Number of protein chains: 2
Amino acid sequence: MTHALPYRTHNHAHCVTDAMDEARSLCQTAGTRLTQLRAQILELIWQSHRPLGAYDILAILNDQGRKAAPPTVYRTLDFLQGMGLVHRIASLNAFVGCSQPSHNHNGCFLICEECQNVLELSADSIRQAISKETGAQGFKVRETTLEIAGTCPACINKDGGKNGAQ
Amino acid sequence: MTHALPYRTHNHAHCVTDAMDEARSLCQTAGTRLTQLRAQILELIWQSHRPLGAYDILAILNDQGRKAAPPTVYRTLDFLQGMGLVHRIASLNAFVGCSQPSHNHNGCFLICEECQNVLELSADSIRQAISKETGAQGFKVRETTLEIAGTCPACINKDGGKNGAQ
DNA sequence: GCAGGGGATGGTATAGTGTTGCGTAAATAG
DNA sequence: CTATTTACGCAACACTATACCATCCCCTGC
Ligand SMILES: [Zn+2]
Ligand SMILES: [Zn+2]
Ligand SMILES: [Zn+2]
Ligand SMILES: [Zn+2]
């Protein structure tokens with residue numbers, strides 16, 4: 001199978017099974033059900049470190065013989081988002097697995113436009129800067145969308161400045 | 001007419017005409033044409049400090065007797081974005097006028113979920129924090145999407161903590 | 001004035017993304 | 001085993017965005 005590895009090398013089989021284990025555990029604790037469908041979709045998302053669109057997921061499900069229509073996918077994604085297991089990337093209309101589902105995380109995403117990999121940062125310093133600015137404005141934050149598109153280190157090295165990276 | 005004022009009080013008629021003047025001037029300098037349609041759409045967007053969806057704009061245009069189809073609106077929005085005169089808010093699929101079109105600006109947007117007003121910040125300190133983090137990751141930034149949803153000061157005062165604001 | 005060229009606009013069709021509503025099935029509770 | 005809740009299948013629809021082609025307008029050179 002041809003999935004993308006993230007530019008930070010790691011044991012991908014482990015990373016997927018670890019994520020699934022953690023998801024099971026989190027749902028257990030929360031008293032929610034990680035059903036077969038939910039697990040299947042979460043695993044699909046983790047298999048690809050790339051963001052997957054809802055209709056990408058739909059296509060894969062149907063390939064795998066599971067009959068599904070859009071609402072099935074969106075409902076499941078809603079659940080997974082609610083549990084903090086996946087994030088939606090607004091600038092891509094796509095979804096990625098959350099790497100720190102136990103912590104609360106105002107995700108900050110580094111999106112490589114060449115290899116499509118997404119790295120989620122915790123980025124406390126950014127969060128602090130944001131909270132300082134919004135505080136100064138008297139603005140009460142509910143949710144922060146921070147998505148940074150560019151080129152990852154691996155791709156910068158790979159094409160030696162070819163695509164604007166230097 | 002029923003447009004929303006931003007929560008920072010200001011002379012709205014001025015703010016719109018100023019924005020239009022600056023737009024004309026910028027296009028003049030750049031050697032591009034701020035045609036009647038482009039000016040009309042830019043003004044529509046400025047009239048409302050709320051983000052307007054492309055189809056909102058389309059509806060208003062048609063109300064105003066100008067026949068338009070989606071591509072007309074999107075083309076015009078592309079132009080205005082290219083000139084830095086409007087920004088697209090990814091988390092809303094909507095567009096707002098840029099308050100500082102002359103400066104380069106990695107827009108940071110405070111979006112009030114009650115009154116729908118959007119305030120664009122320059123937020124140098126946030127930009128610095130982001131650039132520091134991405135630098136540490138060896139990530140080359142092309143574009144930053146920073147959209148903060150919450151409650152603006154005016155709405156916090158208005159409903160005295162009713163909606164989670166305190 | 002007249003032809004040519006490039007940017008801007010009109011218009012149809014279609015692709016891509018997300019939601020509503022309702023009925024059925026499966027799991028949990030009593 | 002029945003009642004209740006929760007999840008799933010499915011059809012239809014709404015919203016967002018793009019591809020493609022034709023026409024028009026404006027400017028320039030002749
Ligand atoms: Zn992995
Ligand atoms: Zn990359
Ligand atoms: Zn104004
Ligand atoms: Zn407000």
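So you know, we letter chains A, B, ... as the sequences are listed, proteins then strands, and number each from 1. Fair warning: this is a prediction, and the values are worked out from it, not measured in the lab.
Crowding of B/Gln28 atom CD: a count of heavy atoms from other residues, nucleotides or ligands under 6.0 Å not exceeding 12.
For D/dA17, one of the phosphate oxygens OP1 or OP2 lies less than 4.0 angstrom from a side-chain nitrogen or oxygen of B/Tyr74. Listed pair B/Thr35 / C/dT9 meets the phosphate criterion, a side-chain N or O lying under 4.0 Å from OP1 or OP2. Residue A/Arg33 has no polar side-chain atom (N or O) positioned under 4.0 Å from OP1 or OP2 of D/dT6. Taking only side-chain nitrogens and oxygens, A/Asn93 comes nearer than 4.0 Å to OP1 or OP2 of C/dG18.
We find that CG of B/Asp56 is positioned 11 Å from P of D/dA17, with the value rounded to whole Å. The separation between B/Gln36 atom CD and D/dC26 atom P is 12 Å, rounded to whole Å. To the nearest angstrom, C1' of D/dA14 lies 15 Å from CG of B/Leu58. Rounded to an integer number of Å, the gap from A/Leu92 CG to D/dA17 C1' is 15 Å. The distance from atom CG of B/Leu34 to atom P of C/dG7 is 17 Å, rounded to the nearest whole Å. Atom C1' of nucleotide C/dA8 and atom CG of B/Asp78 are separated by 13 Å, given to the nearest angstrom. As a whole-Å value, the separation of A/Leu52 CG from C/dG18 P is 13 Å. One atom, CG of B/Asn62, and another, C1' of C/dG10, lie 12 Å apart when rounded to the nearest Å.
Between B/Tyr55 and D/dC15, no base-stacking contact is recorded for ring centres under 5.5 Å apart and planes less than 30° from parallel.
A/Ser122 and A/Gln100 form no side-chain donor-acceptor contact under 3.5 Å, judged by distance and modelled atom types alone. Side-chain atoms of A/His87 and A/Gln81 include no donor-acceptor pair closer than 3.5 Å.
Of the two residues contacting DNA chain C, namely B/Ala69 and B/Leu37, the nearest-nucleotide position lying further toward the 5' end is that of B/Leu37. Nearest-nucleotide assignment on DNA chain C puts the 5′-proximal partner with B/Lys67, out of A/Gly53 and B/Lys67. Between A/Phe79 and A/Pro71, the residue anchored closer to the 5' end of DNA chain D is A/Phe79, taking for each the nucleotide with the nearest heavy atom.
Here the straight-line distance linking atom CD of B/Glu133 with atom CG of A/Asp124 works out to 8.0 Å at 0.5 Å rounding.
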With a cut-off of 3.5 Å and sequence neighbours excluded, list every side-chain donor-acceptor pair involving residues 55-64 of chain B.
unit_1	atom_1	unit_2	atom_2	d
B/Asp56	OD2	B/Gly53	N	2.9
B/Asn62	OD1	B/Ala68	N	3.1
B/Asn62	ND2	B/Leu58	O	3.3
B/Gln64	OE1	B/Gln40	NE2	2.8

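Side-chain to base pairing of B/Arg66 with C/dG10: no donor and acceptor N or O lie closer than 3.5 Å to each other. In terms of polar N and O atoms assigned as donor or acceptor, the side chain of A/Arg75 comes within less than 3.5 Å of the base of D/dG9 in a complementary pairing.
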